[in-house]
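Scroll down for the structure; my scribbles are underneath it.
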Amino acid sequence: MRCILGISAYYHDAAAALIRDGEIVAAAQEERFTRRKNDERFPSLAVEFCLRAAELTPADIDAAVFYDKPITKFARLLESYLAVAPSGFGTFTKVLPSWLGEKLNLRSTMAAELPGLKSGCPILFTEHHQAHAASAFYPSPFDEAAILTVDGVGEFATTTVGRGARDELRLLEELRFPHSLGLLYSAFTAYCGFRVNSGEYKLMGLAPYGEPRYVGAIYDHLLDVKPDGSFWMNIEYFDFLRGWDMTNHKFHRLFGGPPRAPEEVIQSRHMDVASSIQRVTEELMEGLARRVRELTGLPNLCIAGGVALNCVANGRILRKKIFDRIWIQPAAGDAGGALGAALAVWHGRGTKGARTRARQSSPGDSMKSALLGPCFSDAEIERALAAHGAVYERLEESALLRRTAALLAQEKVVGWVQGRMEFGPRALGNRSILGDARSPRMQSQLNLKIKFRESFRPFAPVVRLERLHDYFDLEAESPYMLLVGSIKPELRLSVSQGAHGLKRIGESRTTIPAVTHVDYSARIQTVTERQNRLLWLLLRAFETETGCGVLVNTSFNVRGEPIVCTPDDAYRCFMNTQMDFLVVGSFIMERSEQPNASIPPTHEPQLD
């Protein structure tokens, strides 16, 4: 068995991934092609891309594997409904038709969605958390490691603890629905007025503006935490078993009022609620990590599942030195389940005899810097730009780097599209918007004029690994922007002590204010020449120009849209913002020189 196609779909973030002879060849989310954020439909376009990238046809696939067991998940839905019946009847009747159609008969659905599969090609299923665990361990740099997966819910499991050794992966313990750290955090996300499954980043970004004064109430009323790090949730305060809402009137009374509507003003109470649940989440993740270490005795940890995207909690586990090393799957959410499902089958978890050679860990990891999506030649880029009548200049590499570095030094905002698109929620320097970290105006400019998002949300710094400790207190490299560290004390500036809450936005707290959050933290991306040569060279060119080794790196998209994929996507986004320059491949263009008319997006943005 050489070629395995992994699929995630129907629940949140559909994706496809292709493994050939144990090597990760390609992976992408469907949303990047359809331009529908968090597109959950069958990832037909992502599958098409993966096959094209590997120069294969469906007939070359040896197995297709889904990241979930639908019948088991349906059993959980039935069990949950019966536990609260008849109060959840309305919700259940709306959900039931999709299950009686494509989901319960998913083997037939997949066969229909994948025309051209050779006769007898097996269609397989992994358990949800098995897929997460496989995505965490098998691409990691470790021969042997402890594994922690934490998300909302799979079939029944919400959290698993396991261990991996070479090709073998075993799950040892689990927490079961409805006791879920992912659902707990999502309940607070919804309560504070953000969209579940996409607004959790906002809640994490809002948390440092508040005070954790509700921590006691959360522990006293919502949670029963056990000595081994496991916990039970008091379901009397939540409504996700009975209806579409996450919380109920008891929850609202406990935290001082009804949920915030999405466009309402954020009050100090919401900031304090965000601060409190973030603190609790970090403490629960620490407790789970300690349990994993105690149970396995292993010095290295791999993490996946949606909660693994909480980079503040990850940073806490690192600082507490519970493990020697930590590796986090960059596509930690449901999209990464497609990759994990394929890896699980390859390494023999889904079918006997799947593996043809034993796993060999690598000094870094086998994720190829998560640059697993489409790329475009200069000829393809030029055709796309010409179709828009774009005005551009083509430069050779060294001139392009010098020009871009000089523009960034002038506080220009630059869209940067190079090479293969990233897999996962983070833009890591190939589908990025870049800015000068020294600029006190950059954060507000990016949020309000370019990203069209909330002013409180922080931006991430990108720095060459060799300069990391000149700017940040972080004890490990962070190539996937999944660890939070703090700005070095010697770079901090004195600020007014009278401002509170969101009034602190815009304060220059350090010499790199555009990437400094209100608590002096930063969600850091480190880069080496091996991981992303062109971005590494640009950082070096910017440092030559300015003496500063840090840039702002944020995803190339606007609120409600997925990260751009194609040159066409990039140009459309560029023209509908106040971005100053766009660099795609070898081509650079200035917004003021382009045709005046804005270009509508290919799909209506979804406000979140």
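If you're wondering where the values come from, they're calculated on a predicted model, not measured in any experiment.
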So, does Glu31 use its side chain to make a donor-acceptor pair with the main chain of Asp39 at under 3.5 Å?
no
Test side-chain hydrogen bond (donor to acceptor under 3.5 Å, both in side chains) on Ser432 and Asn553 and set out the steps.
CA-CA 6 Å; Ser432 292; Asn553 177 16; 2.6 Å; yes
Say you draw a straight line from CD1 of Ile147 to OG1 of Thr160; how long is it, rounded to the nearest 0.5 Å?
8.0 Å
Heavy-atom pair of closest approach, residues Ser140 and Ala136:
CB-O, 3.5 Å
For Ala335 against Gln29, the heavy-atom pair lying closest together
CB-CG, 3.6 Å
Set out, in order, the CA-CA distance, both residues' side-chain angles and the distance that settles side-chain contact (heavy atoms from CB on, under 4.5 Å) for Arg41 and Glu30, then state yes or no.
CA-CA 8 Å; Arg41 297 171 297 178; Glu30 185 73 357; 5.8 Å; no
Is a side-chain N or O of Glu380 found less than 3.5 angstrom from the main chain of Ser377, in a donor-acceptor match?
yes
Without swapping roles, check the side chain of Glu200 against the backbone of Thr189 for a donor-acceptor pair under 3.5 Å.
no
Is it the case that Arg431 places NZ or CZ above or below the six-membered ring of Phe556, under 6.0 angstrom from the centre and within 45 degrees of the axis?
no
All pairs passing salt bridge (charged side-chain N to carboxylate O under 4.0 Å, His left out) where residues 129-145 contributes a residue, at least two apart
Glu144-Arg163
Going through the distances and angles, do Phe142 and Leu301 end up as a side-chain contact (heavy atoms from CB on, under 4.5 Å)?
CA-CA 9 Å; Phe142 310 132; Leu301 175 67; over 6 Å; no
Exam field: side chain Trp416 to backbone Gly429, donor-acceptor pair closer than 3.5 Å:
yes
Enter the distance from Asn532:CG to Arg420:CZ here, rounded to the nearest 0.5 Å.
13.0 Å
What heavy-atom pair brings Pro43 and Ala9 nearest, and what distance separates the two atoms?
CD-CB, 3.8 Å
Side-chain heavy atoms of Tyr185 within contact of Met204, under 4.5 Å:
yes
I want to check something: taking the side chain as every heavy atom from C-beta on, are Gln130 and Thr149 in contact at a cut-off of under 4.5 Å?
no
Looking at CH2 of Trp346 and CG of Asp62, how far apart are the two atoms once the value is rounded to the nearest 0.5 Å?
9.0 Å
Over all heavy atoms of both residues, which pair between Ser186 and Val196 is shortest? Give the atoms and the distance, please.
O-CG2, 3.6 Å
First locate atom NE2 of His12, then atom CD of Glu40, and finally report the distance between them rounded to the nearest 0.5 Å.
9.0 Å
Taking the side chain as C-beta and beyond, is there a heavy-atom pair between Thr159 and Glu174 under 4.5 Å?
no
Sidechain-backbone polar pair: Asn314 side chain, Leu482 backbone, donor-acceptor under 3.5 Å:
yes
How many angstroms lie between atom OG1 of Thr566 and atom CZ of Phe376, to the nearest 0.5 angstrom?
5.5 Å
For the side chain of Ser8 and the backbone of Ala15, is there at least one donor-acceptor N/O pair under 3.5 Å apart?
yes
Could you grab the distance from atom CG of Leu372 to atom CG of Leu339, nearest 0.5 Å is fine?
7.5 Å
Backbone of Ala54 reached by a side-chain donor or acceptor of Arg20 within 3.5 Å:
yes
Let me know which of Val312, Val280, Asn310, Leu148 forms a side chain to side chain contact (heavy atoms under 4.5 Å, CB included) with Met285.
Leu148
Could you go through Leu284 and Leu223, starting from their C-alpha distance and side-chain angles, then the distance that decides it, and tell me whether this counts as side-chain contact (heavy atoms from CB on, under 4.5 Å)?
CA-CA 10 Å; Leu284 291 176; Leu223 292 172; 3.9 Å; yes
What is the ring orientation for Tyr11 with Tyr67, classed by angle as parallel under 30°, tilted 30 to 60°, or perpendicular over 60°?
tilted
Check: Pro262 main-chain N/O paired with Arg260 side-chain donor or acceptor under 3.5 Å
yes
Please report the C-alpha distance between Phe66 and Phe42 in whole Å, then the side-chain angles of each, then the deciding distance to 0.1 Å, and finally whether the ring pair (Phe, Tyr, Trp, His ring centres under 6.0 Å) criterion is met.
CA-CA 11 Å; Phe66 194 73; Phe42 190 89; 8.1 Å; no
Take the angle between the ring planes of Trp327 and Tyr480 and call it parallel below 30°, perpendicular above 60°, tilted in between.
perpendicular
Could you check if a side-chain atom of Phe188 sits within less than 4.5 angstrom of a side-chain atom of Thr247, using non-hydrogen atoms only?
no
Can Ser555 and Lys451 be said to form a side-chain hydrogen bond (donor to acceptor under 3.5 Å, both in side chains), step by step?
CA-CA 9 Å; Ser555 57; Lys451 300 282 281 187; 2.9 Å; yes
Side-chain contact, heavy-atom cut-off 4.5 Å: Ile24 with Ile19?
yes
Can you see which heavy atom on Arg35 is nearest to which on Val564, and at what distance?
NH2-CA, 3.7 Å
Would you say Ser135's side chain and Ala332's backbone share a donor-acceptor pair under 3.5 angstrom?
no
Could you label the plane-to-plane angle of the His128 and His132 rings as parallel, tilted or perpendicular, counting under 30° as parallel and over 60° as perpendicular?
perpendicular
Trace of the side-chain contact (heavy atoms from CB on, under 4.5 Å) decision for Leu51 with Ile61:
CA-CA 9 Å; Leu51 293 172; Ile61 298 301; 3.6 Å; yes
Shortest non-hydrogen pair, Pro425 vs Pro330, comes out as CD-O, 3.4 Å
For the backbone of Ser369 and the side chain of Gln531, can you confirm whether one donor and one acceptor N or O come within less than 3.5 Å of each other?
no
Taking salt bridge (charged side-chain N to carboxylate O under 4.0 Å, His left out) as the test, write out the residues that go with Lys368, two or more places apart.
Glu23
Are Met421 and Asn430 packed together at the side-chain level, in the sense that at least one heavy-atom pair is separated by less than 4.5 angstrom?
no
